[in-house]
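See below for the structure under consideration.
Treat the numbers as computed from the prediction; the structure is a model and nothing was measured.
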Amino acid sequence: MGRVAWGFTCSIDGFIAGPGHDMSWLSATEPSAEGTTEGLAANVAVIISGRAGYDAAIAQRDERDELTSAAYGGAWSGTEFILTHRPEELADDPTVVALNCDIREAIRRAQEIAGDRDIQIISADIARQALEHDLIDELQVFVAPVFLGDGIRIFDVPGGRRIDWELAEIYDHSPRSFGRAYRPKRG
């Protein structure tokens, strides 16, 4: 069985998207070694996204560049689940599978498709829900040299919740963006 990973690029001040899910700031990211994006994308069979990010991507379609218009800059192909309470509204989009279920059911369904490949969560809210149930096996973090000041925080829990991580891997191909993988520190 593959891993359930939460992967993202964030700003130095802890945002994974700007206000209104703006992704234009990703142009500030440091370039990775050739083949890095393709290598990361090849491990992923299923992406789990949220409805707000999906809606923003559709609304910003004409404004997004090659890097931000598709997952992994277009290097990925597979199944994308969009978690929504209104799946019927996405019935005309053959590029996604809209699901109205909790994160446990979404991951169970994703594992049926993924087999030995990974499931990638690309939504802060969906990842927070997965963390509530200890469903994330790996955190994949890249940092862009930019402050956003506002937007979608990496992890936002009113009242706080501490989750400790241990270093699993340093991505040598991305030293300028501090590429790291962490695993939850359990026990």
- Contacts of type side-chain contact (heavy atoms from CB on, under 4.5 Å), residue D134, not counting sequence neighbours: R161, R186

- Item | Side chain proximity check, V143 to R180, heavy atoms < 4.5 angstrom | no

- Inter- and intrachain pairs under ring pair (Phe, Tyr, Trp, His ring centres under 6.0 Å), touching residues 91-146, at least two apart: F142-Y171

- Quick one: side-chain contact (heavy atoms from CB on, under 4.5 Å) partners of A110, sequence neighbours excluded? V46, I48, F81, I119

- CD1 on I103 to CD1 on I121, rounded to 0.5 Å: 4.5 Å

- Message: Quick check against the 3.5 Å criterion: does R117 have a side-chain atom that pairs as donor or acceptor with the backbone of A42?
- Response: yes

- Message: I want to check something: taking the side chain as every heavy atom from C-beta on, are I136 and W165 in contact at a cut-off of under 4.5 Å?
- Response: yes

- Message: Can you give me the closest heavy-atom contact between L148 and S11, atom names plus distance?
- Response: CG-CB, 3.8 Å

- Query: Between V141 and W6, is any pair of side-chain heavy atoms under 4.5 Å apart?
  - Reply: no

- Message: Could you report the tightest heavy-atom contact between A130 and I107, atom names first, then the distance?
- Response: CB-CD1, 4.4 Å

- Which pairs with one or both residues in residues 141-157 pass salt bridge (Lys or Arg N to Asp or Glu O under 4.0 Å), sequence neighbours excluded? none

- Task: Grab the two heavy atoms, one from A124 and one from I152, that are nearest each other, plus how far apart they are.
- Result: CB-CG2, 4.0 Å

- Item | Exercise: identify the closest heavy-atom pair between W25 and I16 | CZ2-O, 3.3 Å

- Determine whether the side chains of D125 and S123 contain a donor N or O and an acceptor N or O closer than 3.5 Å. no

- Does the side chain of T84 reach to within under 4.5 Å of the side chain of Y54, using non-hydrogen atoms? no

- Query: For D137 and G2, which heavy atoms make the closest approach, and how far apart are they?
  - Reply: OD2-O, 4.4 Å

- Query: What distance separates F178 CZ from C10 SG, expressed to the nearest 0.5 Å?
  - Reply: 10.5 Å

- For D55, which residues count as a salt bridge (charged side-chain N to carboxylate O under 4.0 Å, His left out) partner, sequence neighbours excluded? R51

- Item | Which residues share a side chain to side chain donor-acceptor pair (under 3.5 Å) with S49, sequence neighbours left out | E80

- Item | D164: side-chain contact (heavy atoms from CB on, under 4.5 Å) partners, not counting sequence neighbours | R162, K185

- Task: For residues 3-15, pull every pair meeting salt bridge (Lys or Arg N to Asp or Glu O under 4.0 Å), keeping only residues two or more places apart or in separate chains.
- Result: R3-D118, R3-E138

- Query: Y182: what forms a ring pair (Phe, Tyr, Trp, His ring centres under 6.0 Å) with it, not counting sequence neighbours?
  - Reply: none

- Task: Examine distances only and state if a side-chain atom of W76 and a backbone atom of V44 form a donor-acceptor pair shorter than 3.5 Å.
- Result: yes

- Item | E105: side-chain contact (heavy atoms from CB on, under 4.5 Å) partners, not counting sequence neighbours | C101, D102, R108, R109

